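This is a predicted model, so every value here is computed, not measured. Start at 1 and go down the list; that is how both ligands and their atoms are numbered.
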Amino acid sequence: CWGYGEDDGPFFWHKGYPIAQGNRQSPINIVTSETVYDSSLSPLIVSYEHCTSISISNNGCSVAVEYADTEQGPVIEGGPLSDAYRLKQFHFHWGHKDYHGSEHTVDGKTYASELHLVHWNTSKYQTFREAAAASDGLAVLGVFLEAGEEHQGLLKITDALNMVKFKGRTADLKEFNPKCLLPKNLKYWTYPGSLTTPPLHESVIWIVFEEPIEVAKKQMEKFRMLLFSQEEEDEKFMENNFRPPQPLKGRQVCASYN
Ligand SMILES: CC(C)NC[C@H](O)COc1ccc(S(N)(=O)=O)cc1
Ligand SMILES: [Zn+2]
């Protein structure tokens, strides 16, 4: 199947997923001088009070924290969104070193990692799977991570990573509220895009925060001790699990601020 290696990586994905060469693929390089301030963008409303996280798992391409699919679950609305979108999971992408690893780039700048909080439109669709195939089905919040001070809120995640070292491993992770992973300043860019891994569905309204959060180098190193491989397979360290920027194809990136 697909991966991030030299023979199954992003440059090969189009063979199994032709949409990889579509007109609204993600990630992109955000050219700040070409973003357009959109005064009609209302503030983003993040309602993460009821946060019933279930588990943290190594799915072989990233590490993800899953949320229960309940009515009163954590939701986002406002901003570019016309409906309420419920948090399903969050995961990360990172590099071999701190100078790269993010998926989106800003004026060509790469960050050490990028957090994706994946939400689906519960106003219009019955399941995540259905929403993931619809043009307005998903909303993903992107948060850049850069090496700096230790991130207290992230400790609960980075300290759990040794329990999910191998592909297919899952561990309990209860009541984790990811609000602490958002930057102080919620200024964002937004544009229509896609999943950044196969099946690469063009179903994502991207909301990328301008301000990165700081995490300690030793916290970043803990992500790099995860494995793409299962126990008993030859060890392949999970790193560089990011797709490079894709052609903009005429899309406009809107800014929430002037
Ligand atoms: C339901 C089917 C479509 N399965 C989808 C599968 O879980 C992958 O889902 C995703 C979800 C989010 C992303 S990203 N990096 O763009 O935030 C990529 C793949
Ligand atoms: Zn992602």
Quiz item: Stepwise, does the salt bridge (charged side-chain N to carboxylate O under 4.0 Å, His left out) test hold for Glu202 with Arg24?
Solution: CA-CA 6 Å; Glu202 295 186 332; Arg24 57 174 279 193; 5.2 Å; no

Quiz item: For Tyr125 and Asp136, what are the C-alpha separation, side-chain angles and deciding distance, and is it a side-chain hydrogen bond (donor to acceptor under 3.5 Å, both in side chains)?
Solution: CA-CA 10 Å; Tyr125 307 104; Asp136 60 351; 2.5 Å; yes

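Of the protein's heavy atoms, His91 CE1, 3.2 Å lies nearest to atom 17 (O) of ligand 1. Among all non-hydrogen protein atoms, the one lying nearest atom 19 (C) of ligand 1 is Thr197 OG1, 3.2 Å. The closest protein non-hydrogen atom to atom 7 (O) of ligand 1 is Phe128 CE2, 4.3 Å. Atom 11 (C) of ligand 1 has as its closest protein heavy atom Leu195 CD2, 3.8 Å. At the shortest separation from atom 6 (C) of ligand 1 among protein heavy atoms lies Pro199 CD, 4.6 Å.
Put simply, the residue from Arg243, His116, Glu103, Gln25 that forms a side chain to side chain donor-acceptor pair (under 3.5 Å) with Thr196 is Glu103.
In terms of distance to the Zn ion (ligand 2), the nearest N, O or S atom of His91 is named NE2. In terms of distance to the Zn ion (ligand 2), the nearest N, O or S atom of His116 is named ND1. For His93, the N/O/S atom at the shortest distance from the Zn ion (ligand 2) is named NE2.
Atom numbering of ligand 1 starts at 1 in the shown order; those under 4.0 Å from a heavy atom of His116 are 14 (S), 15 (N), 17 (O). Counting the atoms of ligand 1 from 1 in the order shown, those under 4.0 Å from a heavy atom of His201 are 3 (C). If you number the atoms of ligand 1 from 1 as listed, the ones under 4.0 Å from a heavy atom of Val118 come out as 12 (C), 17 (O).
Look at Phe242 and you'll find every heavy atom at least 4.0 Å from all atoms of ligand 1. At least one heavy atom of His93 lies less than 4.0 angstrom from ligand 1.
Residue contacts with ligand 1 for Phe92 are absent, since no atom lies close enough (heavy atoms, distance under 4.0 Å).
Residues Thr35 and Tyr191 bring no donor and acceptor atom of their side chains to less than 3.5 Å of each other. Of the N and O atoms on the side chains of Glu232 and Gln230, not one donor lies less than 3.5 Å from an acceptor on the other residue.
Proximity of the aromatic rings of Phe242 and His100 is defined here by a centroid distance below 6.0 angstrom, and this criterion is met. The distance between the ring centers of Trp189 and His104 does not fall below 6.0 angstrom.
Remark: Arg224 does not engage Glu239 in a salt bridge, criterion side-chain N to carboxylate O under 4.0 Å.
The N/O atoms of Thr196, backbone and side chain alike, include one that comes under 3.5 Å of an N/O atom in ligand 1.
Closest approach of Ser203 to Ala134, counting heavy atoms only: CB-O, 2.8 Å. Taking all atoms of both residues into account, the shortest heavy-atom contact from Ser57 to Thr170 is CB-OG1, 3.3 Å.
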